[in-house]
Amino acid sequence: HPKGPRVTGVTPTHPVLLWISPACTGHSFCFGVAMAIPPLTSTLFCASSPPCCWKSYFLGDGVNTTVWEPGLRLQTGGRLRVECKESRIGKKPVEVPGNVAIDLEGQMLSVNGPLGVLTLTYPREITVSKVPSGGLVVSRALDTRRAREMHGLFRTLTDNMVMGVSKGFEKKLQLVGVGYRAAIEGTALVLNVGFSHPVYIQIPEGITVKVEESARISVFGRDKCAVGDFSAMIRKWRPPEPYKGKGIKYVDEVIRRKEGKAGKKKQ
């Protein structure tokens, strides 16, 4: 443009993402702007005779994005490196109650509470550290795709450990069906759910199972994964069917019912 670079439809205070077209050469180049707030729009325009810096000229100072500045060599087929934000879940600190003791040695975390001890080993992409308030902060040691994927995951696992040894986790199941019942015999859970024989399920260590009114099963433990796995194992023996709703289901589970075949109409 003879009057210098200009941009239409972009508000300086809005966060944007710029990209350079590798097909452009010389002083005249093309780039696009994608708005990060609704309505989602994309605009493509050209500019020439760049000033000192496109970032400060178009976007203003303080914009958290990575843009191309004049004077930098653009490689053919190259891509701009955009700074990624941290996980909203991963950056939250983990609160530790007063009745829980934490032992951190390198990449291994041990949590001791009223309900027992849990340990977790972190990969090299993730680091965990204590904060002065007594909590834990999980952060990324590397800025790789794998590290970004595991950031929120290991923060959640850490929070589940602290909550598990202090309060524990519980899953409740219900038996629906004529003659369906459950009982505890020693260290095994016995189910009568329509088979020609009773089903014996060995209760793993660290899990407490209670049977109420012979039709309600309560699974309690400090390890959330172990509680969920054992509950799913119980439910797998007789999943609820959609016509009459018979089977083993979670108490808060909603079964989508089907109407079934309609009877023959009378003429």
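Note that this is a predicted model, so its numbers are computed, not measured.
For the pair H151 and V138, the minimum side-chain heavy-atom distance is below 4.5 Å. K171 places none of its side-chain heavy atoms less than 4.5 Å from the side chain of F230. Contact of the P240 side chain with the E253 side chain is registered, since non-hydrogen atoms from C-beta on lie closer than 4.5 Å. Side-chain contact between D143 and R148 is present, with heavy atoms from C-beta onward closer than 4.5 Å. L191 has its side chain within reach of I248: a pair of non-hydrogen atoms, C-beta onward, lies under 4.5 Å apart. Counting heavy atoms from C-beta outward, L109 and L136 have side chains that approach closer than 4.5 Å. Taking 4.5 Å as the limit, every side-chain heavy atom of I255 sits out of range of all side-chain heavy atoms of V176. Counting heavy atoms from C-beta outward, R235 and Y250 have side chains that approach closer than 4.5 Å.
Hydrophobic clustering of Ile, Leu, Val, Met, Phe, Trp and Tyr side chains at less than 4.5 Å, counting indirect connections, keeps V137 apart from V128. If you chain together hydrophobic residues whose side chains sit under 4.5 Å apart, I201 and Y180 fall into the same group. Two different hydrophobic clusters hold V100 and L115 under the rule that ILVMFWY side chains link at heavy-atom gaps under 4.5 Å. Residues L118 and L104 share a single hydrophobic cluster, defined by chaining ILVMFWY side chains whose heavy atoms lie under 4.5 Å apart. The cluster map of Ile, Leu, Val, Met, Phe, Trp and Tyr, joined by side-chain heavy atoms under 4.5 Å apart, puts V199 and I217 in the same cluster.
Here the closest non-hydrogen pair linking V162 and V96 is CG1-CA, 4.1 Å. The two residues G152 and S87 make their nearest non-hydrogen contact at CA-OG, 4.0 Å. Closest approach of G90 to R155, counting heavy atoms only: O-CG, 3.7 Å. Shown here for K91 and R88, the closest heavy-atom pair between the two residues is CG-O, 3.8 Å. In terms of heavy-atom proximity, Q107 sits nearest to P123 at NE2-O, 2.7 Å. Between S166 and N99, the shortest heavy-atom distance links the atoms CB-OD1, 4.2 Å.
Between atom OG1 of residue T127 and atom CZ of residue F154 there is a gap of 12.0 Å, rounded to the nearest 0.5 Å. One finds the NZ atom of K249 at 12.5 Å from the CD atom of E241 (value rounded to the nearest 0.5 Å). Once rounded to the nearest 0.5 Å, the distance linking OG1 of T121 with CD1 of I126 reads 13.5 Å. Taking CD1 from I234 and CG from L189, the interatomic distance works out to 5.0 Å, rounded to the nearest 0.5 Å. Within the model, atoms CZ of F169 and CG of N160 stand 4.5 Å from one another, a figure rounded to the nearest 0.5 Å. Taking NZ of K246 as the reference point, atom CZ of R238 lies at 7.5 Å (rounded to 0.5 Å).
Judged by distance alone, with hydrogens and angles left aside, the side-chain atoms of Q174 form no donor-acceptor pair with the main-chain N or O of A215 at under 3.5 Å. Remark: side-chain polar atoms of R222 are not paired, donor with acceptor, to backbone N or O of G116 under 3.5 angstrom. Judged by distance alone, the side chain of R216 and the main-chain N or O of K210 form no donor-acceptor pair under 3.5 Å.
By the side chain to side chain donor-acceptor pair (under 3.5 Å) test, S129 pairs with no residue at all, sequence neighbours left out.
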Checklist entry - Where do E185 and Y200 land on the side chain to side chain contact (heavy atoms under 4.5 Å, CB included) test, with the steps shown first? => result CA-CA 9 Å; E185 292 185 6; Y200 290 85; 3.6 Å; yes
Item to check | Steps toward side chain to side chain contact (heavy atoms under 4.5 Å, CB included) verdict (I184, V209) | outcome: CA-CA 8 Å; I184 301 293; V209 180; 3.9 Å; yes
Next on the checklist: Checking V227 against I207 for the side chain to side chain contact (heavy atoms under 4.5 Å, CB included) test, could you report, in this order, the C-alpha distance in whole Å, the side-chain angles of both residues, the deciding distance, and whether it holds?
Outcome noted: CA-CA 7 Å; V227 171; I207 299 295; 3.8 Å; yes
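Using the six-membered ring where Trp is involved, W237 and F195 have ring planes that are perpendicular, over 60° apart on the 30 and 60° scheme.
Crowding of Q202 atom CD: a count of heavy atoms from other residues, nucleotides or ligands under 6.0 Å exceeding 12. The number of heavy atoms from other shown groups lying within 6.0 Å of CD1 (I89) does not exceed 12.
Sorted by first and then second residue, the salt bridge (Lys or Arg N to Asp or Glu O under 4.0 Å) pairs involving residues 110-133 (not counting sequence neighbours) are E125-R146.
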